[in-house]
Amino acid sequence: ADFSAANKLYAQGKFADAAAAYEKILQTGVQSPVLLFNYGNAEFKSGHLGKAIAAYQRAEQLSPRDPELRANLAFVRNQVQGVTLRESRWQNWMGALTLNEGAMLTAILFWLTCGLLIARQARPALVPKLKTATWTLAVLTIFSGTVLGLQAANHFSSASAVVTADNATARSGPFDDAQSAFTARDGAELSVLSRREDWVQVADGAGKTGWLPAKQVEVLPGA
């Protein structure tokens, strides 16, 4: 009912109210690609690029191959001014599967390989016929497991921050009186280096580093 009410507000052009309604649902712990996608759309229509990008990215982690979602994310990213990080082709390729999908694929390949090895032991006459298939599956299993490991390491050990304020001033230290290091615009994506209380240390696409108040960014796990 709450989701339908939020959709109705969006259809009526009350984008700020719709965004608030979607956000209220998200605060209950509910997560779904459709909910996050609609929330991102409402935030974009309300003029909040950073909140829209963060919502799309969270949705993308749940549904990485949704073409409409990826198109909207790319479109909003193109509206962001100033320096911002961009995903490499390798990161984009690794993100084609969720962690659960990658783990399931690796497990299937592993057990298929084990099945062929067992068949070779049980029926020695099949060894010549199964040799190529066994080696192929073994190589695919190793490759899939390696990609899964890299994807998991990126997800759990690295993070990005999306600026959600109109103009965020990164400072040389985690306090208000520190010297200004650089300014990031709404929607800029930055890599997270460290965190301290209510501050986040970030680096922009040009290699500059600084500290931003945590309330001005939304921190997301790696892809």
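Here the structure is a predicted model, which is why all the values come from computation and not from measurement.
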**Fill in**
In short, Ala159 meets Val219 closest at the heavy-atom pair CB-CG1, 4.1 Å
**Asked** In terms of side-chain geometry, is the basic nitrogen of Glu60 or Arg70 positioned less than 4.0 Å from the acidic oxygen of its partner?
**Response** yes
**Approximate separation, where rounding is to 0.5 Å, of Lys215 NZ and Trp199 CH2** = 8.5 Å
**Item:** Heavy-atom check, side chain of Asn167 versus side chain of Arg185, under 4.5 Å
**Value:** yes
**Heavy-atom closest contact (Asp186 atom, Val163 atom, distance)** = OD1-O, 3.3 Å
**Request:** Return the set of residues passing side chain to side chain contact (heavy atoms under 4.5 Å, CB included) with Gln179 (not counting sequence neighbours), or none when no residue passes.
**Result:** Ser172
**Asked** How would you list, by chain and number, every residue that makes a side chain to side chain contact (heavy atoms under 4.5 Å, CB included) with Arg123, sequence neighbours excluded?
**Response** Leu126
**Request:** Ignoring hydrogens and angles, state whether a donor on the side chain of Thr169 or Ser180 is under 3.5 Å from an acceptor on the partner side chain.
**Result:** no
**Request:** Apply the test side-chain contact (heavy atoms from CB on, under 4.5 Å) to residues Glu218 and Arg58: give CA-CA distance (whole Å), side-chain angles for both, the deciding distance (0.1 Å), then the verdict.
**Result:** CA-CA 11 Å; Glu218 183 166 343; Arg58 288 163 61 191; 3.2 Å; yes
**Asked** Ignoring hydrogens and geometry, is there a side-chain-to-backbone donor-acceptor pair from Thr146 to Ile142 under 3.5 Å?
**Response** yes
**Request:** Check for a donor-acceptor pair, side chain of Thr141 on one end and backbone N or O of Leu109 on the other, with a separation under 3.5 Å.
**Result:** yes
**Complete:** Heavy-atom nearest pair, Val80 first then Ala188, reads CG1-N, 3.7 Å
**Request:** Give a yes or no on whether Phe75 atom CZ has more than 12 heavy-atom contacts from other residues, nucleotides or ligands under 6.0 Å away.
**Result:** no
**Prompt:** If you take all heavy atoms of Ser144 and Thr106, which pair is closest and at what distance?
**Reply:** OG-OG1, 2.7 Å
**Asked** Is the closest side-chain heavy-atom distance between Leu220 and Val192 below 4.5 Å?
**Response** no
**Request:** Working to the nearest 0.5 Å, report the span between CG of Asp166 and CG of Leu49.
**Result:** 9.0 Å
**Donor-acceptor pair between Asn41 and Asn72 side chains, under 3.5 angstrom** = yes
**Message:** Return the CG to CZ distance between Leu190 and Phe182, rounded to the nearest 0.5 Å.
**Reply:** 5.5 Å
**Message:** If hydrophobic clusters are built by linking Ile, Leu, Val, Met, Phe, Trp and Tyr wherever their side-chain heavy atoms come under 4.5 Å apart, do Met104 and Leu137 end up in the same one?
**Reply:** yes
**Item:** Partner residues of Thr134 under the side chain to side chain contact (heavy atoms under 4.5 Å, CB included) criterion, sequence neighbours left out
**Value:** Leu116, Leu117, Arg120, Leu130
**Asked** CH2 of Trp211 to CG of Asp176: how many Å apart, nearest 0.5 Å?
**Response** 13.5 Å
**Item:** Spacing of Tyr56 atom OH and Asp66 atom CG [to the nearest 0.5 Å]
**Value:** 11.0 Å
Expected list for residues 23-40: side-chain donor-acceptor pairs under 3.5 angstrom, two or more places apart:
residue, atom, partner, partner atom, Å
Thr28, OG1, Ile25, O, 2.5
Ser32, OG, Leu35, N, 3.1
Asn38, ND2, Asn7, OD1, 3.1
Tyr39, OH, Glu43, OE2, 2.9

**Request:** Could you state whether Leu140 and Leu112 fall into the same hydrophobic cluster, counting links through intermediate Ile, Leu, Val, Met, Phe, Trp or Tyr residues with side-chain heavy atoms under 4.5 angstrom apart?
**Result:** yes
**Message:** On a heavy-atom basis, which atom in Val202 and which in Ala161 lie closest, and how many Å separate them?
**Reply:** CG1-CB, 4.2 Å
**Complete:** Minimal heavy-atom distance between Ala21 and Leu9, with the atoms involved, is CB-CD1, 4.3 Å
**Request:** Decide yes or no for Val162 and Val217: does some side-chain heavy atom of the first lie under 4.5 Å from some side-chain heavy atom of the second?
**Result:** no
**Request:** With sequence neighbours left out, write down each residue that passes side chain to side chain contact (heavy atoms under 4.5 Å, CB included) with Ala42, or none if nothing qualifies.
**Result:** Tyr10, Ala18, Ala19, Tyr22
**Atom pair CZ/CZ of Phe44 and Phe15 - distance to nearest 0.5 Å** = 10.5 Å
**Request:** For Arg171, check salt bridge (Lys or Arg N to Asp or Glu O under 4.0 Å) against everything at least two apart and list the hits.
**Result:** none
